[in-house]
There are 2 protein chains.
Amino acid sequence: MSSAEFLSALSNLIGTRYVLQARQDIEPFCLDMRSRYLGQPLAVALPGTRAEVAELARLAQRFCVPLVPQGGNTSTCGAATPDASGRALVVGLRRLDRTIEVDAANNSMTLEAGVTLARAQQIAEEADRLFPLSLASEGSCQIGGNLATNAGGLAVLRYGTMRDLALGLEVVLPDGRVLNQLSGLRKDTSGLDLKHLFIGSEGQLGLITAATLKLFPRPRARATALVGVADAQTAIDWLGALRDRFADRLTTFEMMSADCLTLLRDYQGDKVPFIAPWTLLIELSDSDGQQALESALVEWLAEREMVDGVIAQSEGERLALWQLREDMSETQKRRGPSIKHDIGVPSSAIPAFLAQAGLALEQAFPGCSIMAFGHAGDGNLHYNVSFTRPRNADLFDDEERVNRIVYDVVYRLNGTLAAEHGIGQLKTHWLEAYKDPLALSLMRSLKTVLDPNGLMNPGKWLSGE
Amino acid sequence: MSSAEFLSALSNLIGTRYVLQARQDIEPFCLDMRSRYLGQPLAVALPGTRAEVAELARLAQRFCVPLVPQGGNTSTCGAATPDASGRALVVGLRRLDRTIEVDAANNSMTLEAGVTLARAQQIAEEADRLFPLSLASEGSCQIGGNLATNAGGLAVLRYGTMRDLALGLEVVLPDGRVLNQLSGLRKDTSGLDLKHLFIGSEGQLGLITAATLKLFPRPRARATALVGVADAQTAIDWLGALRDRFADRLTTFEMMSADCLTLLRDYQGDKVPFIAPWTLLIELSDSDGQQALESALVEWLAEREMVDGVIAQSEGERLALWQLREDMSETQKRRGPSIKHDIGVPSSAIPAFLAQAGLALEQAFPGCSIMAFGHAGDGNLHYNVSFTRPRNADLFDDEERVNRIVYDVVYRLNGTLAAEHGIGQLKTHWLEAYKDPLALSLMRSLKTVLDPNGLMNPGKWLSGE
C-alpha cells in the first residue's frame, strides 16, 4: 500500500482541493510559530466534517499513516509540527468551524474544533454571555488546539484554564470511532470523565472535533490599576488581600519586574508611567456597579503602601495599561533572543522562586538579564533569560544549563516546567528529566490503550523513548 | 496461600488491633447507608499511614485479595460495600486523618483521605478560608470518598464539584506503587492530568490517600430568600437573570415542588411559610457588604412577579429557610419508601424534563406521587416517585418501569442518571443500558491498565460483564 494510493483515497474522501501537497500550500503548516521546528509532512488534509475526520482516521490506520492534528498552528513548543520524515499527514481542523448550539439559558455553547478563539468569544457575546479564555494568539488559535494544550491566558485567576471551561468533548479516536462526550452538564457521576484524557494531550490520543464550553455572565463594570510595590512578597500579600476583599471580582493579577518596565520604557518612552521594583496590573470586574467598583479599588489601594500607581479613568486608559503588559513579549524580541520559560509554582512560592532562581542564575552567569512577568495570580511566570554572555552572544549554548538551574528551583518548590504552553517537541527531554517517572509511564500506558499503533502525533512526549 | 496467612501478614504489617474480624466489629462496614446492600468481607483493615496502605496493596496483590476502599460509608448506591463472597478486604481510611499542609496564601490545603468533610471545612475556617463542599453527610463522609464519588452538594453552582475543588491527589495504585500528584498548582500543562482518572472512579482504580484541595475567601455577607413562582420555566428564567445580575454571588439556587412543600407542612406545620407551584431557595454571598447585598436582592425581587416570598432578616431566619430544604429527605422517609433518582439535565432543560417525565409517569401510574427538589442551579434534581399503586403497596415491583420512564426522558434531554451520587452497585445495569457503549468500553480498558488483576472494588461497574 503506497503513499500515492493513500493520497488518492484521501482525495476521494475529502476532495482533491482539500489535500494539499504543493510546497507553497503546505509551507504554513510545516513551521511552528516560533520558527524552531520545520517539519516535512506527506501532505496536509483539510477535512470538512466530523464524518470526514473519522473516515480519514480509518484510512490512516489502514495505510499506517501518522496523523498530526493542527489548529491555528500557534503552539509555542512545536506541539503541532510534524517531524521531518515526510510520512505524516497534517490534519488541519479549520474547516470544522460551525456553531453547533448556543444554550444561553444553560450558559453553554457547543462549537466545532476549528472555530478560532476570537470567534468563540464573539459567538458568546452575541448571546450576551462571556467566553473568558483570552490569550495573545486568539485571532488565530482554535478551540481544538486550546483544548489539546489546556490553554491558560489572561483570565485563569477567575475563570480557570481551558480544562475548567470544557463541559464536554467530541473526539475521533485513532481508529475512527467517534467518542461523543458533548454535554452541557455541570455534574455527572455516571462513570469516568473521559474528556480529561484528551485535554492537554497535544493531539497524541485522538482528534478533538467539537466541544461544549462554559459561558458566563458578561462583566459590565471594570476597575483597572497599574501599581508599583516594593518587593515580590508584598505583591503576593496583596494577591491574598485582594481575593479576601473582592473574592471573584479579582479577574487579573499580573506582575512585571523593574527590568521589564525599564525595557518597555526604552522602546515606548513615557507610555510607561513609572518604574517600581515590581509592577502589578490589577483588574476587578463585576456584573454591575462601575462607580462602586472603582471607588472600592481606590479605597483599598489608599490604605496600602505602594511605590506608585495609576488607576484607569476611561476605557482608553484601561486599554493602555493592558497594552503595556501585552507588549512585553514583542518588546523583548526587539532586544534579541532569550531563553524562555513558562514556569508555575504555588503562588505563595513566587517570592522564593524569584529569589532562588535569580541568585543561582547570577552566580552562574554574572550580569545576565532576567525578564520575569506573567500571571502571578495563577502562580505562572514567564521567566526569560538572556545576556548570559557579553552582547548576548551564543546565548543558546547556555540553554541547557539555564534551564537546569531554573527547573531545579521550580521543582524544589513543587512547581511545573510548563504552566500553560505545553510540552510539544521543545520540552520532551525536560519532561523526562523532571516528571515523576511513574506518572510518565502511566501516561504512556494510557496511550497504548487509545492509540495502540502509535499513529497520533508521533515522536512527541507520549511516544516514549 | 491461605486467607489465614494473608491475615497474619496483614496483622504484622498494620497491627492486629487494626485488622477487624469479629462480627460486631465489621458489621458497620458491611451494610450501606441506605441498607440496601449487605456484604461479607474477609476482614476490615484500618491502616494508619500511606506507607501501610501501599504495603497492604502489595500484600493483597500477592495473595490475590480484592480490596474495597471505604471512607465514611455514606454512599447512597452501595459503592463502598463489599460483595457477599467473604473474599474481599474492606480498607477503611479513617486513620489517615492528618493535615499535611495548609497554604492559605496559595488558597490550598493538603489533607489525608480519611479527614471528614466537616473537619476539612473546619481546617479551612481555622485558616480564615472556605472549603465550600457541603452535603448532608458531611459529619461522616471523608475527603477520599468525596473524591471517589466526585461529590456535589449545596454549593456547586458557585464552587463546582469535588473534581473542580481538587488540585492534586496521592493514590496508592493496586500494585502498591504510590502515584504522588499532590500539587498546589492552578495551571500545569506538563503531561496528562492523571488525577481525573481517580476522581469519580469509586475506588475501582486505586486507593486515594491524600489530596490538595482549593480554598476560597470566606463569604462575609449573605442574603437568603425563599420565593414562590408560578412554574418551572419562571424558575429557570430567574436562574439566568440572577446570574446575569449577581454573577458568582449567586451561591444557591434550589427548587422544590408544591408537593414537597405540602409534605413538609404536613409534618412541620407553620414552619412552612407558603405553598407555591415551585418554591426557590436563593442565596447570594459576598466577601463584604451585608446591607448592600440584602438591599440588592430585595430590589431585584421587587421587580419580579412572584407568588409569595420571605427574605431572611437574621441568621436564625436564614438557617430556618435552609432547614426546610434540608429536611426534605428525612420528611419524605417518614411518609414511606420512594423510588429515588439523582438526575441531571442542562438547567435549561429542567422545565421540559419535569413536564415530560411527569406526564409519562402519570400515564403509566395514574395518581402516583412525585417529589422533585434539588440543585436546579446545577441542573440536578432529586426526583422521587412513590404511590405507583394504592397505599404505596409493592412499590419496588414498579422500580424498573419507573426508572426506565424517567431515564428515557433524561437521556432524550442529554442528561445523566447519576448527577452526584455515583453508580455503585445500585445503578450498574442502568449505566449499561444508557451509557454510550464506546465510552463504557474505553473506561474498562483503562481499568485493565491500572488494575490488570481486577482487585480494586470488584463487581462494580468498571469490572464489566
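If you're wondering where the values come from, they're calculated on a predicted model, not measured in any experiment. The chains referred to below are lettered A, B, ... by the order of the sequence lines, with proteins before strands, and numbering in each begins at 1.
Only the side chain of A:Asn380 comes within contact range of chain B, judged by heavy atoms closer than 4.5 Å. Contacts between A:Gln204 and chain B at a heavy-atom distance below 4.5 Å are absent for every atom of the residue. Contacts of A:Asp193 with chain B are made by both backbone and side-chain atoms, with heavy-atom separations under 4.5 Å. Both the backbone and the side chain of A:Ile423 come within contact range of chain B, with heavy atoms under 4.5 Å apart. There is no contact between A:Ile350 and chain B, counting heavy-atom distances below 4.5 Å. Proximity to chain A is absent for every atom of B:Tyr434, based on heavy atoms less than 4.5 angstrom apart.
The pair A:Glu202-A:Lys427 does not meet the salt-bridge criterion, since no charged nitrogen lies less than 4.0 angstrom from a carboxylate oxygen.
Residues B:Asn106 and A:Ser347 bring a donor and an acceptor atom of their side chains to less than 3.5 Å of each other.
Considering only residues two or more places apart in sequence or on other chains, A:Gln233 meets the side chain to side chain donor-acceptor pair (under 3.5 Å) condition with A:Asp237. For the side-chain contact (heavy atoms from CB on, under 4.5 Å) test, no residue two or more places apart in sequence or in another chain qualifies with A:Thr149.
Aromatic ring orientation, B:His382 versus B:His421: parallel (interplanar angle below 30°, classes split at 30° and 60°).
By number of non-hydrogen pairs under 4.5 angstrom with chain B, the leading residue of A:Asn414, A:Thr161, A:Asn150, A:Leu194 is A:Leu194. Among A:Arg158, A:Arg218, A:Arg249, the residue with the largest count of heavy-atom pairs under 4.5 Å with chain B is A:Arg249. By number of non-hydrogen pairs under 4.5 angstrom with chain B, the leading residue of A:Pro219, A:Gly152, A:Ser287, A:Ala247 is A:Ser287. No other option in A:Gly422, A:Gly344, A:Gly240 has as many heavy-atom pairs under 4.5 Å with chain B as A:Gly422. Counting heavy-atom pairs under 4.5 Å between each of A:Asp248, A:Leu205, A:Asp128 and chain B puts A:Asp248 at the top. Of all the listed residues (A:Gly184, A:Ala105, A:Pro346), the one sharing the greatest number of non-hydrogen pairs under 4.5 Å with chain B is A:Pro346.
When every heavy atom of B:Arg245 is checked against every heavy atom of B:Ala296, the shortest pair comes out as NH2-CB, 3.9 Å.
Put simply, the residue from B:Phe253, B:Phe246, B:Trp300 that forms a ring-ring contact (aromatic ring centres under 6.0 Å, His included) with B:Trp238 is B:Trp300.
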